[in-house]
Novice: 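Encoded as structure tokens, here's the structure I'll be asking about.
Only this structure's heavy atoms are used, side chains among them; waters, hydrogens and symmetry mates stay out. Chain A is the first sequence line, chain B the second, and so forth, proteins listed ahead of strands; every chain is numbered from 1.
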Amino acid sequence: MFIPKSFLEREAAHVEGFAPETAVVTHGGGKQLEEPLIVRPTSETIIYAMFSKWVQSYRDLPLLINQWANVVRWEMRTRLFLRTLEFLWQEGHTAHATHDEAEVEARKMLGVYRDFMEGWMAMPVVTGRKTDSERFAGALRTYSCEAMMQDNKALQAGTTHNLGQNFAKVFDLKFQTESGGMDYAWNTSWGVSTRLIGGLVMTHGDDVGLRVPPLLAPVEVVIVPIYKTDEERAKVLEAADRIVASFGAWERREPGRLRVRVDAREGIKPGAKYFEWELRGVPVRMEIGPRDLDKQQVVLVRRDTREKRPASLNTLAEDVVELLSRIQADMLTAARERREQHSIRDRITYDRFREIMDGEGAFVYGGWCGDAACEAQIKADTKATIRCLPDEEFRSAEAPTTCLRCGRPATAEAVWAKAY
RNA sequence: CGGGGCGUAGCGUAGCCUGGUAUCGCGCCUGCUUUGGGAGCAGGAGGUCCCCGGUUCAAAUCCGGGCGCCCCGACCA
């Protein structure tokens, strides 16, 4: 939670990047502290100070520490979920014997993050490397997952860093090598935060409310019973209980059982229940009424498309499991298609680029000359930044040959967008 | 730190310009009827109109000061 001010100051680029946005504790126990304590904005300094005590030999490497922690960054302006003064995140820190091993780790964690964002959140991302001006303060290289929100702005959803030996050198994180010499360790760090919740909302939310992908939904299926008389009520609820019991035994599915809930509240009409569960984003609603039972069926309604269809009681569990996995897949596909519809890969003039950034926004794939001054000028002109230099699978079939703004030869393809 | 806006019942608001019994919706209470897309009808309760001061016979309304909140910008991996 607290980091001695001198720790933060040890790595020059790190302190320069973070000092303006730190909260500082000057008093403790009623007395002024000899050395102020920084409320951690990130934990590299304190972690590597400890690593240096733990590591002596190459045999102690690699070393990985993961922690869930709250951090504080004194932003001038906050935005719910996306930029808060205090946020909860997961931060991982590693130490390795070689540069290449650290590089592999940084890339691996980027893949882990991507798998979660796409496989679980159904939030597609573009992965790639940050430019020098956008990379983590103190890192050698920063990689990121960039998602597109429904207003066509980019959300940096997670980052991983190859820190090189920058922190090891200032915290004296040394080890004896296999051949008997001494070397500084190679570090990586990586994190994702509660910002992902904002990303989920802004990727999938619609006019009706939240849409939660099945794999993350606390309730995947809500059963809404429909009845008029007490007799009907008893019959319908009994059928609902039987369905829940049969689902409870359903274990052929990954991961685990079906999470089902019966909304048996009385005094609330079915329509009101529909609206409430739609607002909360429950992926599938199952309606059971007397008319359905007569036909040995229920009605299934998808939250993502709001499509409604009957399903036989005989094959219900299989049907629901199949539907849930289809919803999971369709939500990712729909989000990805949406992103691609708002991605521009055609060569466009800088005037056109400015027009787009001034208007509806987009991910614009364009050439970059590699000059930080040019990058800064584009930001000044349009507020758009290079979100990343995309990994190969995201690059255009035909690589751009000239810089989007200055027309000089391109050194890389870049994804430009306004960001949160 | 600049620019703009707003504070009226639990919530959302009208009224303010042009001073005169504070409006409507949701919610709440009681009763009856209701339940396949946000129930209906009838009756009812609920207010320091953000605070302080001024003008006036009379202030939610006009004037002065204060407080609070929101949005935009600067800032931000």
Side-chain angles (χ1 to χ4, degrees), chain A residues 13-14 16-23 41-42 44 71-80 82-85 87 89 91 106 110 113 128-146 153-163 189-193 195 207-209 222-233 235-237 263-280 285-295 297-301 303 306 308-310 372 375 379-380 383 385-389 417-420:
Chain A
H14 192 64
E16 193 191 333
F18 279 106
E21 48 176 334
T22 53
T42 179
E44 277 75 10
V71 292
V72 168
R73 297 182 186 183
W74 213 261
E75 306 290 355
M76 278 179 178
R77 204 153 150 212
T78 61
R79 199 178 173 105
L80 192 62
L82 302 184
R83 188 179 302 114
T84 43
L85 280 194
F87 56 93
W89 75 349
E91 54 176 320
L110 190 73
Y113 288 155
R129 185 163 65 81
K130 287 290 191 184
T131 63
D132 289 353
S133 69
E134 297 268 330
R135 72 162 192 256
F136 179 80
L140 207 58
R141 281 186 288 279
T142 289
Y143 302 100
S144 78
C145 295
E146 301 285 333
K153 284 170 78 172
L155 183 72
Q156 180 176 297
T159 48
T160 73
H161 316 290
N162 181 340
L163 302 174
S189 67
W190 20 275
V192 295
S193 76
R195 171 179 264 199
D207 289 347
V208 179
V222 64
I223 300 179
V224 178
I226 297 158
Y227 50 80
K228 283 192 174 74
T229 63
D230 282 352
E231 191 190 342
E232 284 176 348
R233 175 169 179 274
K235 251 171 72 181
V236 164
L237 286 181
D263 186 353
R265 288 175 298 172
E266 293 196 59
I268 302 175
K269 294 176 76 168
K273 293 179 181 176
Y274 300 166
F275 279 102
E276 183 177 326
W277 293 111
E278 283 171 350
L279 182 68
R280 295 190 188 198
R285 178 174 76 244
M286 184 186 301
E287 305 174 1
I288 311 177
R291 295 209 295 267
D292 297 310
L293 291 184
D294 288 346
K295 288 186 271 185
Q297 66 166 44
V298 299
V299 172
L300 296 179
V301 187
R303 173 62 182 88
R306 305 189 87 197
K308 204 169 196 175
R309 67 168 171 88
E375 183 188 12
K379 185 177 179 182
K383 289 181 194 157
T385 51
I386 295 179
R387 300 321 304 153
C388 68
L389 307 176
K418 288 210 261 191
Y420 277 103

Novice: Both distances under 3.5 Å, Watson-Crick or G-U wobble: report the partner of B/G2, or none.
Specialist: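 B/C72 is the nucleotide pairing with B/G2.
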Novice: To the nearest Å, give me how far apart CZ (A/Arg285) and P (B/G36) are.
Specialist: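 After rounding, the gap between these two atoms is 12 Å.
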Novice: Could you tell me which nucleotide pairs with B/G64 by Watson-Crick or G-U wobble geometry, both distances under 3.5 Å, or answer none if nothing does?
Specialist: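 Pairing partner, where one exists within any strand: B/C52.
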Novice: Could you tell me how far B/G15 sits from B/U33 if I compare only their P atoms? Round to whole Å.
Specialist: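 So the two P atoms sit 42 Å from each other.
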Novice: Give A/Lys308 one of three labels, base, sugar-phosphate or nothing, depending on what nucleic acid heavy atoms sit under 4.0 Å from its own.
Specialist: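 A/Lys308: base contact, heavy atoms under 4.0 Å.
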Novice: Evaluate side chain to side chain contact (heavy atoms under 4.5 Å, CB included) for A/Thr142 paired with A/Glu134, printing each intermediate quantity in order.
Specialist: CA-CA 8 Å; A/Thr142 289; A/Glu134 297 268 330; over 6 Å; no
Novice: If stacking means aromatic ring centre less than 5.5 angstrom from the base's six-membered ring centre, planes under 30°, is A/Phe275 stacked on B/G38?
Specialist: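 Check passed, A/Phe275 stacks on base of B/G38.
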Novice: Provide the Watson-Crick or G-U wobble partner of B/G38, both distances under 3.5 Å; none if there is no partner.
Specialist: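 No nucleotide pairs with B/G38.
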Novice: Determine the interatomic distance between C1' on B/C28 and the same-named atom on B/G46; round to the nearest Å.
Specialist: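 My reading of the C1' atoms in B/C28 and B/G46 gives 9 Å.
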Novice: Going through the distances and angles, do A/Arg135 and A/Asp132 end up as a salt bridge (Lys or Arg N to Asp or Glu O under 4.0 Å)?
Specialist: CA-CA 5 Å; A/Arg135 72 162 192 256; A/Asp132 289 353; 3.0 Å; yes
Novice: What's the closest nucleotide to the A/Asp292 side chain, out of B/A74, B/G36, B/G37?
Specialist: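 Among the listed nucleotides, the one closest to the side chain of A/Asp292 is B/G36.
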Novice: Distance check, rounded to the nearest 0.5 Å: A/Gln156 atom CD versus A/Lys130 atom NZ?
Specialist: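 Answer rounded to 0.5 Å: 4.0 Å.
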Novice: Checking A/Lys308 now: which residues fulfil salt bridge (charged side-chain N to carboxylate O under 4.0 Å, His left out) with it, not counting sequence neighbours?
Specialist: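 Applying salt bridge (charged side-chain N to carboxylate O under 4.0 Å, His left out) to A/Lys308 gives A/Glu287.
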Novice: With rounding to whole Å, what would you report as the distance between B/G37 and B/C32 at their P atoms?
Specialist: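 B/G37 and B/C32 have their P atoms separated by 26 Å.
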Novice: Counting any heavy atom closer than 4.0 Å, what does A/Val299 reach on the DNA or RNA strands: base, sugar-phosphate only, or nothing?
Specialist: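 Contact class for A/Val299: base.
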Novice: Given the C1' atoms of B/G47 and B/G40, what is the spacing between them in whole Å?
Specialist: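 Going atom to atom, C1' in each nucleotide, I get 29 Å.
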Novice: Could you list the residues that satisfy side chain to side chain contact (heavy atoms under 4.5 Å, CB included) with A/Ser193, not counting sequence neighbours?
Specialist: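 For A/Ser193, the residues satisfying side chain to side chain contact (heavy atoms under 4.5 Å, CB included) (neighbours in sequence not counted) are A/Phe87, A/Trp89, A/Arg195.
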Novice: Can you check the distance between B/C52 and B/G12, where both ends of the measurement are the C1' atom (answer in whole Å)?
Specialist: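 That atom pair is separated by 28 Å.
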Novice: Taking the C1' atom in each of B/A39 and B/G20, what is the distance between them to the nearest angstrom?
Specialist: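 It comes out at 41 Å once rounded to the nearest Å.
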Novice: Quick one: does A/Tyr143's side chain have a donor or acceptor within less than 3.5 Å of a partner on A/Gly158's backbone?
Specialist: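 Not a single qualifying donor-acceptor pair exists.
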Novice: State whether a side-chain donor-acceptor pair under 3.5 Å links A/Ser144 with A/Glu146.
Specialist: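 Per modelled atom types, A/Ser144 and A/Glu146 side chains form a pair under 3.5 Å.
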Novice: Is there a donor and acceptor pair, one atom on the side chain of A/Glu278 and one on the base of B/G37, closer than 3.5 Å?
Specialist: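 Answer yes: a donor N or O sits under 3.5 Å from an acceptor.
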Novice: Considering only the P atoms, how many Å lie between B/U35 and B/C41, rounded to the nearest integer?
Specialist: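 That atom pair is separated by 16 Å.
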Novice: Send over the distance from A/Asp263 CG to B/G37 C1', rounded to a whole Å.
Specialist: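 Value for this atom pair: 14 Å.
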Novice: Using a cut-off of under 3.5 Å, enumerate the N/O to N/O pairs linking the protein to nucleotides 26-35 of chain B.
Specialist:
| from | atom 1 | to | atom 2 | distance (Å) |
| --- | --- | --- | --- | --- |
| B/U35 | O2' | A/Tyr227 | O | 2.7 |

Novice: Rounded off to whole Å, could you give me the NZ-to-C1' distance for the A/Lys273 and B/A39 pair?
Specialist: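 Value for this atom pair: 14 Å.
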Novice: Checking A/Ala23 now: which residues fulfil side chain to side chain contact (heavy atoms under 4.5 Å, CB included) with it, not counting sequence neighbours?
Specialist: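 In terms of side chain to side chain contact (heavy atoms under 4.5 Å, CB included), with neighbours along the sequence ignored, A/Ala23 is linked to A/Val39, A/Val72, A/Trp74.
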Novice: When all nucleic acid strands are considered with a 4.0 Å heavy-atom cut-off, which category describes A/Arg265: base, sugar-phosphate, or nothing?
Specialist: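 No contact.
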Novice: Nearest-nucleotide wise, let me know which of A/His14 and A/Tyr274 is further upstream toward the 5' end of RNA chain B.
Specialist: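 Of the two residues, A/Tyr274 wins.
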Novice: Mind checking A/Pro290 for me? I need base, sugar-phosphate or nothing, with any heavy atom below 4.0 Å counting as a touch.
Specialist: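 Counting heavy atoms under 4.0 Å across all strands, the contact made by A/Pro290 includes a base.
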Novice: Any strand is fair game: report the nucleotide pairing with B/G43 by Watson-Crick or G-U wobble, both distances under 3.5 Å, or none.
Specialist: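 Its partner is B/C29 (Watson-Crick or G-U wobble, both distances under 3.5 Å).
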Novice: Quick one: A/Lys383 NZ to B/C76 P, roughly how many Å, whole number?
Specialist: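 Answer to the nearest Å: 14 Å.
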Novice: Give one of base, sugar-phosphate or nothing for A/Arg195, where a contact means two heavy atoms less than 4.0 Å apart.
Specialist: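 Answer is nothing: A/Arg195 stays at 4.0 Å or more from every strand.
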Novice: Mind checking if A/Arg291 touches a base, just sugar-phosphate, or nothing, with heavy atoms under 4.0 Å?
Specialist: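 The residue A/Arg291 makes base contact.
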Novice: In this structure, how many angstroms lie between the C1' atom of B/C75 and the CG atom of A/Leu85, rounded?
Specialist: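 Nearest whole value for this atom pair: 13 Å.
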Novice: Taking B/C24 as the reference, what is the distance to B/A9 when you measure between their P atoms (whole Å, please)?
Specialist: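 Per the computed distance, 15 Å lies between those P atoms.
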Novice: Find the distance A/Ile288:CD1 to B/G37:C1' and express it as a whole number of Å.
Specialist: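 The distance from CD1 of A/Ile288 to C1' of B/G37 comes to 17 Å, rounded to the nearest Å.
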Novice: With both distances kept under 3.5 Å, what pairs with B/A58, Watson-Crick or G-U wobble?
Specialist: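 Per the H-bond distance test, none.
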Novice: What protein N or O atoms touch nucleotides 68-72 of chain B N or O atoms at under 3.5 angstrom, if any, and at what distances?
Specialist:
| from | atom 1 | to | atom 2 | distance (Å) |
| --- | --- | --- | --- | --- |
| B/C72 | OP2 | A/Arg77 | NH2 | 2.1 |
| B/C72 | O5' | A/Arg77 | NH2 | 3.2 |

Novice: Can A/Asp230 and A/Arg233 be counted as an ion pair, charged N to O under 4.0 angstrom?
Specialist: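 No, no charged N to carboxylate O under 4.0 Å.
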Novice: Restricting to side chain to side chain donor-acceptor pair (under 3.5 Å), what partner residues turn up for A/Asp263, sequence neighbours left out?
Specialist: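 Expected list: A/Arg265, A/Trp277.
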Novice: Give, for atom NE2 of A/His14 and atom OG1 of A/Thr42, the distance between the pair rounded to the nearest 0.5 Å.
Specialist: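 Atom-to-atom, A/His14:NE2 and A/Thr42:OG1 are 6.0 Å apart.
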Novice: Between A/Lys235 and A/Glu231, is the closest basic N to carboxylate O distance under 4.0 Å?
Specialist: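 Salt bridge: no.
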